Every structure is written in C-alpha cells, then in structure tokens.
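Data block below; observations after.
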Protein chains: 2
Amino acid sequence: MHAFDVLGDPVRRRLLELLNDGERSSGELTEVVRAEFGISQPAVSQHLRVLRENGFATVRKEGTRRLYAVDPSPLREVDTWLRRFAARWEPHLMALETELARGRRQRRASVEEERKR
Amino acid sequence: MHAFDVLGDPVRRRLLELLNDGERSSGELTEVVRAEFGISQPAVSQHLRVLRENGFATVRKEGTRRLYAVDPSPLREVDTWLRRFAARWEPHLMALETELARGRRQRRASVEEERKR
DNA sequence: GGCTTATATAACCGATAACTTATATGGTGG
DNA sequence: CCACCATATAAGTTATCGGTTATATAAGCC
C-alpha cells in the first residue's frame, strides 16, 4: 500500500494528528476517534494496523497497553514528492535557499576571521 | 473526494508529474501513461477527469486538443497538512527560520550603515 | 486458576474505485 | 456534408477497502 493510500483515509489522518502531540495508547486513540467518527474499536485497531504495517507508526508494549508513536519516514517521502510542485505556491522558496547559502557563507567567513587572530 | 484520495492513484500522480513540466495535451499524456501503465485511453481520460473535478488540473481547448495544466491549490492544502509533521524530519527548520531572520536583520543593518555615510 | 480489561484478529459484507469495451461529441480538412 | 481525428462519456465488471460482529490473546488482579 502506497503512502498516499494510507493518508487517503480521514480516520488515519486524524490518528496521525493525535499521535503528533506525542505517544498515545490504543485505548486513548480509540476513544477520541470513536467519538468523532462513530466507528467501532476493531475498526480503529485495523487503522492502527495499517499505520504500523506501512511504517507510519511504531508501537511499544507497556503492560497491557500499546503505546503508539509517529514514525515520520513515510511522511517525509510524501513531502519529498510534493516538493516538486512547491515552487508553484512558494515562488520565494528559491530566494530563501540562496538567502540561506549567503548566511552560511558569512558565518564561515566569521569563523575563519576568528581563527586567524 | 479528498485530495489525498486523488493522489492515492499512481497514474494520477504520474500525470501530475508530467504536467509539472508544463502544459500537455490529453493525447500526449495518454501516450506516456499508456506506455508506462498499460491502460486504455478512456482510463487515462477518466483520471484526467478526476484531476479536473478535484481542482488539480485545468483545461484549455485548443482546436481539437485539450491542454492540461497543473493547478497547485489542492497540492498546497496537502502540503499544509503535512507541515504539522515536518519538524520530525527537519528539526533544523526552526533554526532555518531564525537564520533567515538574522540574515534580514544584518541586511537591514548594512543598508542603514550605508545610509548614514 | 479464573475474571476483567486492553487490544488484536477473523470472517463476512456492502460500497466504490478503477478498469474494460462500446459509443458519443465536436473540431478539421477534403 | 462527410470522414477522420482527438477526446470524453456510458455501461458493466471486478477487486479492494472499510466497516461490522464475534472471538482470540495476553496482562493484571483477587
């Protein structure tokens, strides 16, 4: 399943949003999502499985609970794909990059200056 | 249909990549995608329709051809959603912003300096 | 050990997405 | 006007996804 398919589902997007604030137990996540989407516990569990199996989330056992956390790797991939188009809504991005380069150059120069003394 | 659903399909993603290099006719797009995915002309046409109807592409008639182009708005939305997570794979982004601010400050200072002389 | 609680899995089902083939639309050139 | 392109739409089929209920697993507690 491709990353974009995983993100296609609103429940899964919501789960990721929740996890973005930090680790949550399956139970807590289920609670919230059940209230918002009116779906069953197994339904949520299955969505969590999809997130796990596609690398969007990691799990950690703590007693009887399972604590989920975001794994950003696939999101990064999606972002990488998207960036091809970024110039279309952020035409100043190129300017920003040259700006950054300039900053680095200047800093390097200062450090060099410091060393010489 | 949500933006992420639209991007869930590999053919549609490919079409957007092609359009990212500039306007293309339906025929040109069909040609490429047919070769790469082995699907029929109507299949491609239907994908183009999805892109149109969800605001990812605009069309312009030119004679008997239809020229497609990227409309970035929905891609921007997707990017906006993604950015919530960006700190997880670009922990330097915050640093980058302060960097930028510093750059601006310095440039302003230089201009000021110049003015004084 | 047996009961309870947290979570996952299994099995099934209905909706829908993404093809296919066949056909319509509509501009162009003889 | 007619035949021919380029493109879109229609209708039908199939696979898959996301839900349900029922059940398994496994830790914690008395």
Side-chain angles (χ1 to χ4, degrees), chain A residues 1-19 23-71 74, chain B residues 1-19 22-71 74 78:
Chain A
M1 200 182 224
H2 188 278
F4 272 113
D5 291 305
V6 175
L7 296 180
D9 190 283
V11 173
R12 290 196 286 264
R13 283 197 301 276
R14 185 70 180 114
L15 286 169
L16 286 172
E17 287 174 11
L18 293 170
L19 290 176
E23 252 187 355
R24 306 252 177 185
S25 73
S26 175
E28 292 171 321
L29 296 168
T30 301
E31 193 84 8
V32 177
V33 164
R34 265 192 60 105
E36 293 180 4
F37 293 83
I39 65 179
S40 67
Q41 177 268 321
V44 180
S45 184
Q46 280 168 129
H47 282 301
L48 287 172
R49 197 213 308 230
V50 172
L51 291 177
R52 260 187 281 133
E53 292 186 343
N54 291 282
F56 286 78
T58 57
V59 208
R60 180 167 73 88
K61 289 189 198 176
E62 184 156 280
T64 175
R65 301 207 165 32
R66 309 241 171 151
L67 297 175
Y68 283 81
V70 174
D71 183 334
Chain B
M1 200 181 224
H2 187 278
F4 273 112
D5 292 305
V6 175
L7 296 179
D9 191 282
V11 173
R12 289 196 288 264
R13 282 198 300 276
R14 186 71 180 111
L15 286 170
L16 287 172
E17 287 173 11
L18 292 169
L19 290 177
E23 251 186 357
R24 306 249 178 190
S25 73
S26 176
E28 292 171 321
L29 295 168
T30 301
E31 193 83 9
V32 176
V33 163
R34 265 191 61 104
E36 292 181 3
F37 293 84
I39 64 179
S40 66
Q41 177 268 322
V44 180
S45 184
Q46 280 166 124
H47 283 301
L48 287 172
R49 185 187 353 203
V50 172
L51 290 177
R52 261 186 281 132
E53 293 187 342
N54 290 282
F56 286 78
T58 56
V59 208
R60 182 167 72 87
K61 290 188 196 175
E62 183 157 278
T64 173
R65 304 206 164 31
R66 309 241 171 151
L67 298 175
Y68 283 80
V70 174
D71 183 335
V78 166

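Quick caveat: nothing in here was measured; it's all calculated off a predicted structure. So you know, we letter chains A, B, ... as the sequences are listed, proteins then strands, and number each from 1.
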Discussion item. Is A:His47 close enough to D:dC17 that one of its side-chain N or O atoms is under 4.0 Å from OP1 or OP2 there?
Written reply: no

Practice prompt. Tell me whether the OP1 or OP2 atom of D:dA8 has a side-chain N or O from B:Ser26 closer than 4.0 Å.
Written response: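 Yes, because at least one side-chain N or O of B:Ser26 sits under 4.0 Å from OP1 or OP2 of D:dA8.
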
Discussion item. Just to be sure I understand the rule, does A:Ser25 reach a base, reach only the sugar-phosphate, or reach nothing, if contact means heavy atoms closer than 4.0 Å?
Written reply: sugar-phosphate

Practice prompt. Can you run down the side-chain hydrogen bond (donor to acceptor under 3.5 Å, both in side chains) pairs that involve residues 30-42 of chain A, sequence neighbours left out, and say none if there aren't any?
Written response: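 Sorted pair list: A:Arg14-A:Glu36.
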
Discussion item. List the residues meeting side-chain hydrogen bond (donor to acceptor under 3.5 Å, both in side chains) with B:Asp71, not counting sequence neighbours, and say none if there are none.
Written reply: B:Ser73

Worksheet item: In chain order, what residues pass the side-chain hydrogen bond (donor to acceptor under 3.5 Å, both in side chains) check against A:Arg66, with sequence neighbours excluded?
Response: none

Fill in: Results of salt bridge (charged side-chain N to carboxylate O under 4.0 Å, His left out) for B:Arg24 - residues two or more places apart only
B:Asp21

Worksheet item: Going by number, which of residues 50-64 of chain A have a non-hydrogen atom under 4.0 Å from DNA chain C?
Response: A:Arg52, A:Thr64

Worksheet item: Checking B:Arg12 side chain against B:Leu48 main chain: does a donor-acceptor pair fall under 3.5 Å?
Response: no

Spacing of [X] atom [atom1] relative to [N] atom [atom2], expressed in whole Å:
X       : N      : atom1 : atom2 : result
B:Arg49 : D:dA11 : CZ    : P     : 12 Å
B:His2  : D:dG18 : NE2   : C1'   : 17 Å
A:Asp5  : D:dC17 : CG    : P     : 8 Å

Item to complete: Walk along DNA chain C from 5' to 3' and tell me the first and last nucleotide with an atom closer than 4.0 Å to a non-hydrogen atom of chain A.
Response: C:dA6 to C:dA11

Item to complete: Give me the residues of residues 35-43 of chain A where at least one heavy atom lies under 4.0 Å from an atom of DNA chain D, by number, or none.
Response: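 Contacts with DNA chain D under 4.0 Å: A:Gly38, A:Ile39, A:Ser40, A:Pro42, A:Ala43.
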
Worksheet item: Does any residue of residues 11-19 of chain B have a heavy atom under 4.0 Å from DNA chain D, and if so, which ones, in number order?
Response: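 When residues 11-19 of chain B is checked for heavy atoms under 4.0 Å from DNA chain D, there are no hits whatsoever.
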
Worksheet entry | Pairing residues for A:Thr64 by the side-chain contact (heavy atoms from CB on, under 4.5 Å) criterion, not counting sequence neighbours | none

Fill in: Non-neighbouring partners of A:Asn54 that pass side-chain contact (heavy atoms from CB on, under 4.5 Å), sequence neighbours left out
A:Met1, A:Val6, A:Val50, A:Phe56

Item to complete: Hey, could you give me each pair passing salt bridge (charged side-chain N to carboxylate O under 4.0 Å, His left out) that has a residue in residues 52-64 of chain B? Not counting sequence neighbours.
Response: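 Non-adjacent pairs meeting salt bridge (charged side-chain N to carboxylate O under 4.0 Å, His left out): B:Glu23-B:Arg60, B:Arg49-B:Glu53, B:Arg60-B:Glu62.
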
Worksheet, complete the sentence: Walking DNA chain D from its 5' end, the first of A:Met1 and B:Glu28 to be reached, judged by nearest nucleotide, is B:Glu28

Discussion item. Using side-chain heavy atoms (C-beta onward) and a distance below 4.5 Å, is A:Leu7 in contact with B:Leu7?
Written reply: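 Sidechains of B:Leu7 and A:Leu7: no contact.
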
Worksheet entry | Residue closer to the 5' end of DNA chain C, A:Gly27 versus B:Asp9 (nearest nucleotide) | A:Gly27

